[in-house]
Amino acid sequence: MLKYFIFEGGMYKHELLLEFVDDVGGFVIQKTVIGLDLIMNLAIPEEEAERLQELVTEVNGKLRDAPLIGTEVAVVAPTLSRHHLPHPACDIAENLRRHGAKTNIMGLARGVGQKIVHTSIQERQLIEEHDLAVFTLGNFEHCLKKFKSKLFKDLSIPVIVTGGPLELEIEGASGYVGGIGRYPERARTLDMIERLRKVSELAGKLIEERRKEMDLDPLIIEPALVKTEVERQVPEVLDALSPNPVTLKVDGLRIKLPYDDYKDRVASVMVDGRRLGEVSRITKSLMRDYILVRILPESYFS
Amino acid sequence: MKMIVVSSDSKGGEMYRHIIERNVEDLALGSSVEGIAVLIKPELPLFVIKVRYRERESKNKLGELAKIEQRSGNVRVVLEDEIDLGDALKTLWSTYGRDRVEQSGRTEIVVKGADPDSLRELKIRKERVSVSEKVNELVNRVIPEGLRVRNAMKEGDLLIVMAAEDPIPEDWKRMAADLAVDT
């Protein structure tokens, strides 16, 4: 199983790291150079983590666990109005990004109230395109407990709920983080930032659990390898203006190119001697016309 | 500004107190609003907000809105109400330029080398400020979005807005009437 890390350090001797990652069969998922500083999102086999840490110490860098690398998380607000955006949703999304996730913020059409609250089929499908969803709900225990679980209880992905009450058991959610309800300003206090960190930590834990489950029946090809090959064989993707034009997901990728124009080329990408179209399901995303690639597990071919 | 929050969910009530305080600050209504009372019953659901405020007279000229005094070549403008600060700064910047206008306090502006009499005659906006409009905005920002059945009443300088998901029965209206805004 791959383990994910964020490396922060300088450009000096960073080639050593790149060589090491390549040698052990790992991947550099994202590399950002800011002046002389370097931030890299890395994925390496779990058993090589200790050796990587030694190398990072040698080049005077920092390494931290980031299980959210290679995941796409939906942060879902009850509506798009100023009651619910921007503060809670954007703060949570920003913190998740700091822990390596790629986030998309969504507003529901009718996520408010006690009687009208619901999600449409399309909204549910769009949320399910992600690896995990965080629902940013309101301040009242009665509302959260009795009425809001219909927003997410049918979703097939793990769901974290945030709300005002500090402690709450909420049906249909994989986890709850309290003290982040509806609030009208940026989270600036240590207390608030700590709660945002709790959301990211919980998200990391849930993703790790999912990866461990998937390890029992692993994917036929590692998504990070598919990403590298798509970028090499369909170079137009690198010119796409969308952020992270090839976004990694736990079980595949989102390629930010028009589906109708590029689906055949993406299907014919060769990875490890196999056509991508034969080892994955390639569908049209509900988000714009992007291409969704879901890689099939090994059991599918046995 | 006095604020009373009565809520059957005490933690939720406290969070709404904070939301109201921040919105009053954002809309610069601190000096116009005298008192706010809120009744929250999520189990019904019902949200009542009562706002007592002072409607302001129509004043546009800087001389009517602020104390203006000359001090060693500079003019010190002290606004009576923070609500006028944005418009006053905008007008002064466009008239005298950013280099000559400096905000030295929350309601205090210093204009370098200006004539106090022409400052007194300066109109800072075309239309008068409507506190009622801002209070309506405050109420709409605060009331939970899901409560779409509204009942609004205006009694002199008191605005009462009730919000629920179902048609509002008479006994809820009586409950709202009993909510005191001044005690």
Side-chain angles (χ1 to χ4, degrees), chain A residues 76-89 91 107-119 135-151 162-168 170 176-189 191-192 195, chain B residues 1 3 5-30 33 36 38-49 133-134 136-151 161-169 172:
Chain A
V76 188
T79 63
L80 280 175
S81 75
R82 67 173 299 147
H83 292 73
H84 306 107
L85 288 170
H87 301 296
D91 285 344
L108 299 174
R110 286 184 182 80
V112 292
Q114 298 183 355
K115 287 186 177 166
I116 61 167
V117 58
H118 80 284
T119 44
F135 278 76
T136 60
L137 301 181
N139 294 342
F140 297 120
E141 190 174 332
H142 179 81
C143 285
L144 298 186
K145 252 183 154 169
K146 289 211 161 169
F147 301 98
K148 299 296 180 182
S149 55
K150 62 176 106 161
L151 287 176
T162 66
L166 292 174
E167 303 280 332
L168 200 65
I170 192 158
Y176 173 82
V177 180
I180 316 175
R182 183 186 152 192
Y183 61 89
E185 64 204 327
R186 263 200 84 190
R188 278 173 295 203
T189 58
D191 185 40
M192 277 306 283
R195 283 175 197 156
Chain B
M1 183 189 77
M3 196 190 312
V5 178
V6 181
S7 171
S8 51
D9 179 330
S10 57
K11 171 82 182 149
E14 277 316 301
M15 290 177 105
Y16 266 85
R17 179 188 287 277
H18 185 65
I19 290 171
I20 295 167
E21 281 168 358
R22 279 281 163 272
N23 279 300
V24 166
E25 207 178 289
D26 274 1
L27 292 162
L29 277 171
V33 171
I36 296 179
V38 181
L39 172 70
I40 309 169
K41 288 191 173 286
E43 65 281 4
L44 292 177
L46 172 69
F47 192 100
V48 181
I49 179 164
E133 267 176 34
K134 286 199 165 193
N136 285 342
E137 172 69 18
L138 168 76
V139 166
N140 281 323
R141 283 189 191 187
V142 169
I143 292 177
E145 225 197 336
L147 307 183
R148 293 182 179 181
V149 178
R150 305 274 166 100
N151 182 314
V161 181
M162 300 175 71
E165 276 206 274
D166 296 315
I168 297 167
W172 290 8

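Because only heavy atoms are used, hydrogens play no part in the values below, and waters and symmetry mates are left out as well, while side chains stay in. Chain letters run A, B, ... following the sequence lines, proteins first and then strands; every chain starts at 1.
Proximity to chain A (any heavy atom under 4.5 Å) is shown, for B:Ile19, by both the backbone and the side chain. Only the backbone of B:Ile143 comes within less than 4.5 Å of a heavy atom of chain A; no side-chain atom from C-beta onward does. Only the backbone of B:Asn140 comes within less than 4.5 Å of a heavy atom in chain A; its side chain stays farther off.
Around atom NZ of A:Lys145, no more than 12 heavy atoms belonging to other residues, nucleotides or ligands sit under 6.0 Å away. Around CZ of A:Arg110, the count of heavy atoms belonging to other residues, nucleotides or ligands within 6.0 Å does not exceed 12. Within 6.0 Å of NZ in A:Lys146 there are 12 or fewer heavy atoms belonging to other residues, nucleotides or ligands.
Listed for the B:Glu165 side chain is a donor-acceptor partner under 3.5 Å among the backbone atoms of A:Lys115. Put simply, the side chain of B:Asp9 gets close to the backbone of A:Glu141: a donor and an acceptor are under 3.5 Å apart. Remark: the backbone N or O of B:Pro42 is paired with a side-chain donor or acceptor of A:Gln114 at under 3.5 angstrom.
Proximity to chain B at a heavy-atom threshold of 4.5 Å picks out A:Gly181, A:Arg182, A:Pro184, A:Glu185 from residues 181-188 of chain A, in numerical order.
The choice from B:Glu14, B:Arg148, B:Arg141, B:Met15 that makes the most heavy-atom pairs within less than 4.5 Å of chain A is B:Arg141.
Taking both residues in full, the closest heavy atoms of B:Ser7 and A:Phe140 are given as OG-CE2, 4.4 Å, listed atom of the first, atom of the second, then distance.
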